[in-house]
Amino acid sequence: MVVLLDAKYIRSNPEGVRAALAKRKKEVNLDKFLALDEKRRNMLSEVEQLKNKRNVVSQEIARLKKEEKDADALIAEMQQVSGTIKELDEKVREVEAELNDILLTIPNIPHESVPLGESDKDNVEIRRWGTPREFGFEPKPHWDIGEDLGILDFATAAKVTGARFTFYKGLGARLERALFNFMVDLHAIEHGYTEVFPPYMVHRHSMVGTGQLPKFEEDAFKVAGTDYFLIPTAEVPVTNMYREQILDGDQLPIYHVAYSACFRAEAGSAGRDTRGLIRQHQFNKVELVKFTRPEDSYEELEKLTRDAEDVLRLLGLPYRVSMLCAADLGFSSAKTYDLEVWMPSYGRYVEISSCSNFEDFQARRADIKYRPAPNEKARYVHTLNGSGVAVGRTVAAILENYQQEDGSVVIPERLRPYMGGVERICK
RNA sequence: GGAGAGAUGUCCGAGUGGUUUAUGGAGCUGGUCUUGAAAACCAGUGACACCGCAAGGUGCCGGGGGUUCGAAUCCCUCUCUCUCCGCCA
């Protein structure tokens, strides 16, 4: 499966690519890439000429044999040629593997609307909704609220499994379940997404397809004795549903919503957000995934972001939307909006959803195409996804934003039907 | 886990070593006929990728490897699907 992604594009416009990647503050060795690319093309034309000769002469041999004439000299010559072809093919394969290794580590090119910047400090706030509540008492962090109410149990999870896992209990477990049911229903019924319930494990090719591999293998959980990975997000199985496929143009756009558990090793985040639900090895998430025509993808990104925002609005949670600067952009993304919910214990907005347009970056890696019209050439689709939204962080936000002085937590009205009518979680 | 059968272009489906440079359908486009449509018939089209300014060339019949002057076709191996048996929530 040697897929030379967009070698042609890089070759024709190396300076443009270099400049775009510089925006990300990432070093990519394009010179090595360009040298290898030229080497490959030279070897390719050489070996292809030999193959042409082999094909022509083989026909000739067939003809001679049919006429019962002697072909021994030609056969001897072709033995030589075949040997050379074999050697050259092997060398071409090696160079292509090297090229592919480089290509797979080149991040997506930021969209022109994405601001420059050095770090997440340079992300640009787009809009805000809601007003953080003024507490007439000292608000507690969600881990204290949850433990005091007996609905979150971090200590038991540590005993049973380890750090960064949680038991939800009683109405806490129900709240988690109510939230993802509410979110899936909202997107499936009101926003027109088709619900999917995906496998929680995928093979390596799918992880490469969406861009988690090969660069970020240490972030994923690998299942021992298999070549499977636990999914870090439903984006991986759902986007790869259409891998190696050519869709009909009139099938687009495709909208999917998927609830799944997500598993992340959180390598390199030691010491960050160690308390509470913010950074867990396993968490639930409702994910939105879209497949669109290239010309529609940026409009679809705006709509997808609004669909995710609806969740927070309907739950009455104050949030803001910010556009990530080039330096903070994820590896596969061309443009990303983060939704950040107000978290009183942090005294700031905390990421709860990330909505991205990957343009054709994932489509190339996973080979997802569509035919614009019958008999037209197949083109790569654009893929998008966004959390709609992270469930554990939503529980944290509800506990903190809806906490009362007596330690109880009011359930947002819209959620009550999913909670069997429960209006408040009390001790 | 055991036994067997499969995997061919957008889809269906032929093809067991050299006019297969992949048969034939469906589909799609145009036409005839029709008030219009359908059907029928005629013609066209006929996958995808890479190299090349082009002419042209090369590769590709699930993936990888091998045999051969020559492989969709023979051999090995892996993956997946189906049928039967076993086990199992």
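In the text below, chain A, chain B and the rest are named by the order of the sequence lines, each starting its count at 1.
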Applying a 3.5 Å limit to both distances, which nucleotide forms a Watson-Crick or G-U wobble pair with [N]?
N      : value
A40(B) : U32(B)
G27(B) : U45(B)
A55(B) : none
G17(B) : none
C82(B) : G4(B)

Taking only N and O in the side chain of [X], is any of them less than 4.0 Å away from OP1 or OP2 of [N]?
X      : N      : value
Q79(A) : C69(B) : yes
N52(A) : U58(B) : yes
R54(A) : G59(B) : yes
R41(A) : G52(B) : yes
R93(A) : G65(B) : yes
K39(A) : C51(B) : no

Taking atom [atom2] of [N] as reference, at what distance in whole Å does atom [atom1] of [X] sit?
X       : N      : atom1 : atom2 : answer
D72(A)  : G70(B) : CG    : P     : 15 Å
Q59(A)  : C69(B) : CD    : P     : 17 Å
Y370(A) : C11(B) : OH    : C1'   : 20 Å
L50(A)  : G59(B) : CG    : C1'   : 15 Å
I61(A)  : U19(B) : CD1   : C1'   : 16 Å
Q245(A) : C11(B) : CD    : C1'   : 12 Å
L64(A)  : C69(B) : CG    : C1'   : 11 Å
D367(A) : C48(B) : CG    : C1'   : 10 Å

Between [N] and [M], how far apart are the two [atom1] atoms, rounded to whole Å?
N      : M      : atom1 : result
G31(B) : C11(B) : P     : 29 Å
G13(B) : C50(B) : P     : 29 Å
U67(B) : A72(B) : C1'   : 16 Å
G62(B) : U8(B)  : P     : 6 Å
C87(B) : G9(B)  : P     : 38 Å
A49(B) : U32(B) : P     : 35 Å
A71(B) : G64(B) : C1'   : 16 Å

Main-chain N/O of H142(A) paired to E400(A) side chain as donor or acceptor, under 3.5 Å: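 It does hold such a pair.
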
Any donor and acceptor pair, going by atom type alone, linking the side chain of R416(A) with main-chain N or O of G421(A) inside 3.5 Å?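 No; judged by distance alone, with no hydrogens or angles, the pair does not exist.
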
Steps toward side-chain hydrogen bond (donor to acceptor under 3.5 Å, both in side chains) verdict (H256(A), Y242(A)): CA-CA 12 Å; H256(A) 284 307; Y242(A) 300 96; 2.8 Å; yes

Centroid separation F165(A) to H281(A) less than 6.0 Å: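 Centroid distance F165(A)-H281(A): below 6.0 Å, so yes.
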
Does the ring centre of Y298(A) sit less than 6.0 Å away from the ring centre of H111(A)?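 So the answer is yes for these two rings.
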
Closest-nucleotide ordering on RNA chain B, the 5'-leading residue of A62(A) and L44(A):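 This one resolves to A62(A).
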
Map I75(A) and Y228(A) onto RNA chain B by nearest heavy atom, then report which one ends up closer to the 5' terminus.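 The 5'-side residue here is I75(A).
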
Looking at the side chain of [X], which of [options] is the nearest nucleotide?
X      : options                : answer
R40(A) : G59(B), C50(B), C69(B) : C50(B)
S82(A) : G70(B), G66(B), G65(B) : G70(B)
N55(A) : G52(B), U58(B), G65(B) : U58(B)
K86(A) : G66(B), G52(B), G57(B) : G66(B)

N108(A) side chain to S332(A) side chain, donor-acceptor N/O pair below 3.5 angstrom: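 Short answer, no.
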
Does one side chain, of Q280(A) or E266(A), offer a donor that lies under 3.5 Å from an acceptor on the other?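 Side-chain D/A pair, Q280(A) to E266(A): absent.
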
